[in-house]
Amino acid sequence: MKLKTHDIFSAGVLTALGLILTNPVNSLTTACILSFVGNGAIDKFGHKKNGAGIPIRTYKTHSFIRSVIYGFLPALFVFLAAKYLYLNGFVNLPANIDWILLQGIFIGPLHLAIDIITEDGIFVKKNGRFQRFALAHIKYDSFLWNSVFKIVGLFIIFFIFRGFFRGFYE
């Protein structure tokens with residue numbers, strides 16, 4: 001899928017996950033930052049160009065464990081930066097900002113969850129070697145499927161905030 005699709009879908013799901021430990025505004029803010037940086041890192045370091053200059057996925061970031069690592073590292077950096085800013089009085093955050101780490105764990109698996117249905121799929125280790133695995137062989141730039149995943153991400157965010165702000169209007 002396209003990077004923008006990964007960003008919007010991940011932001012929606014990560015916002016919902018962050019609600020376990022914080023409010024919707026904090027969760028959405030970090031979800032957007034982590035989604036943008038984490039998915040960007042996974043795609044930046046997980047593609048190489050073939051002879052025609054077309055980007056091709058590699059096992060470096062499109063395998064499960066490696067995607068978790070590449071998705072979690074930006075979250076760890078954001079967590080440590082937020083903790084530093086909070087402890088030095090630069091920002092007013094809740095004392096417990098563990099939701100950032102929770103969201104960070106899921107960036108890679110969410111990225112792979114929608115790449116697994118594309119024709120290039122993801123990489124799984126089989127007999128000591130990485131092999132491609134795809135479920136549906138959909139083109140990565142399919143307008144329909146990119147739209148579906150973007151809408152799902154936006155609906156999640158919409159319904160979270162609809163419930164959050166409902167109390168202000170009643």
Side-chain angles (χ1 to χ4, degrees), residues 1-20 22 24-79 99-126 129-163:
M1 294 291 162
K2 292 186 172 186
L3 184 57
K4 188 177 288 187
T5 303
H6 284 292
D7 291 342
I8 295 170
F9 176 73
S10 295
V13 177
L14 292 176
T15 300
L17 281 169
L19 289 177
I20 295 169
T22 190
V25 175
N26 288 342
S27 183
L28 177 65
T29 302
T30 56
C32 289
I33 293 168
L34 296 177
S35 181
F36 179 75
V37 176
N39 285 313
I42 289 170
D43 274 353
K44 172 77 175 161
F45 298 114
H47 289 88
K48 66 179 179 180
K49 296 195 183 223
N50 67 5
I54 298 170
I56 297 179
R57 281 184 204 139
T58 67
Y59 67 91
K60 291 178 184 174
T61 62
H62 285 81
S63 58
F64 184 75
I65 297 297
R66 292 170 186 219
S67 74
V68 172
I69 293 168
Y70 275 90
F72 186 74
L73 287 176
L76 183 60
F77 176 75
V78 169
F79 174 81
W99 79 86
I100 297 171
L101 298 176
L102 175 68
Q103 289 174 328
I105 292 170
F106 287 95
I107 295 169
L110 287 171
H111 189 99
L112 295 184
I114 59 177
D115 271 352
I116 199 169
I117 66 167
T118 62
E119 56 194 356
D120 288 336
I122 64 169
F123 289 87
V124 294
K125 202 160 200 177
K126 189 173 185 180
R129 295 184 49 214
F130 283 104
Q131 296 179 344
R132 287 185 189 270
F133 177 75
L135 289 176
H137 301 283
I138 296 168
K139 293 210 175 286
Y140 87 96
D141 61 350
S142 165
F143 176 78
L144 173 68
W145 287 103
N146 276 282
S147 299
V148 165
F149 284 105
K150 287 176 187 174
I151 289 168
V152 167
L154 291 172
F155 269 148
I156 293 170
I157 293 169
F158 172 76
F159 284 112
I160 287 169
F161 279 90
R162 183 173 177 254

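Positions are given from 1, in the same order as the sequence printed here.
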Pairwise distance [atom1]([X]) to [atom2]([Y]) - rounded to 0.5 angstrom:
X      : Y      : atom1 : atom2 : answer
Ser10  : Phe149 : OG    : CZ    : 10.5 Å
Ser27  : Ile157 : OG    : CD1   : 9.0 Å
Ile122 : Ile114 : CD1   : CD1   : 12.0 Å
Phe72  : Ile107 : CZ    : CD1   : 9.5 Å
Ile116 : Phe64  : CD1   : CZ    : 11.0 Å
Gln131 : Tyr59  : CD    : OH    : 14.0 Å

ring-ring contact (aromatic ring centres under 6.0 Å, His included) partners of [X], counting only residues at least two apart:
X      : value
Phe77  : none
Phe106 : none
His62  : His47, His111
Phe158 : none

State whether the side chain of Thr22 and the backbone N or O of Gly18 hold a donor-acceptor pair below 3.5 Å, judged by distance alone.
no
Side chain of Thr5, backbone of Met1: donor and acceptor closer than 3.5 Å?
no
Can you see which heavy atom on [X] is nearest to which on [Y], and at what distance?
X      : Y      : result
Asp7   : Ser35  : O-OG, 2.7 Å
Leu14  : Leu110 : CD2-CD1, 3.8 Å
Gly38  : Pro74  : CA-CG, 4.1 Å
Ile42  : Tyr70  : CG1-CB, 3.9 Å
Gly104 : Ala75  : CA-CB, 3.4 Å

Report yes if some heavy atom in the side chain of Thr15 is under 4.5 Å from a heavy atom in the side chain of Pro24; otherwise report no.
no
Would you mind reporting whether Asn39 and Leu3 have side-chain heavy atoms less than 4.5 Å apart?
yes
Only counting residues at least two apart or in another chain, list the ones meeting side-chain contact (heavy atoms from CB on, under 4.5 Å) with [X].
X      : value
Ile69  : Ile65, Leu73
Ile156 : Val13, Ala16, Val152, Ile160
Ser63  : Arg66, Phe123, Phe130
Lys60  : Thr58

Return each pair, listed once, that meets salt bridge (Lys or Arg N to Asp or Glu O under 4.0 Å) where at least one residue sits in residues 101-115; pairs must be two or more places apart or across chains.
Arg57-Asp115
Would you tabulate the side-chain donor-acceptor contacts of residues 133-143 under 3.5 Å, counting partners in other chains and residues two or more places apart, or write 'none'?
| unit_1 | atom_1 | unit_2 | atom_2 | d |
| --- | --- | --- | --- | --- |
| Ser142 | OG | Trp145 | N | 3.3 |

Excluding sequence neighbours, so at least two apart, what forms side chain to side chain donor-acceptor pair (under 3.5 Å) with Thr30?
Trp99, Gln103
Just do the side chain to side chain contact (heavy atoms under 4.5 Å, CB included) check on Val78 and Ile33 with the steps written out, would you?
CA-CA 9 Å; Val78 169; Ile33 293 168; 4.2 Å; yes
Name the atoms and distances for all side-chain donor-acceptor pairs under 3.5 Å in residues 48-55, with sequence neighbours left out.
| unit_1 | atom_1 | unit_2 | atom_2 | d |
| --- | --- | --- | --- | --- |
| Asn50 | OD1 | Ala52 | N | 3.0 |
| Asn50 | OD1 | Gly53 | N | 3.1 |
| Asn50 | OD1 | Ile54 | N | 2.9 |

Atom CZ of Phe159 with >12 non-hydrogen neighbours under 6.0 angstrom:
yes
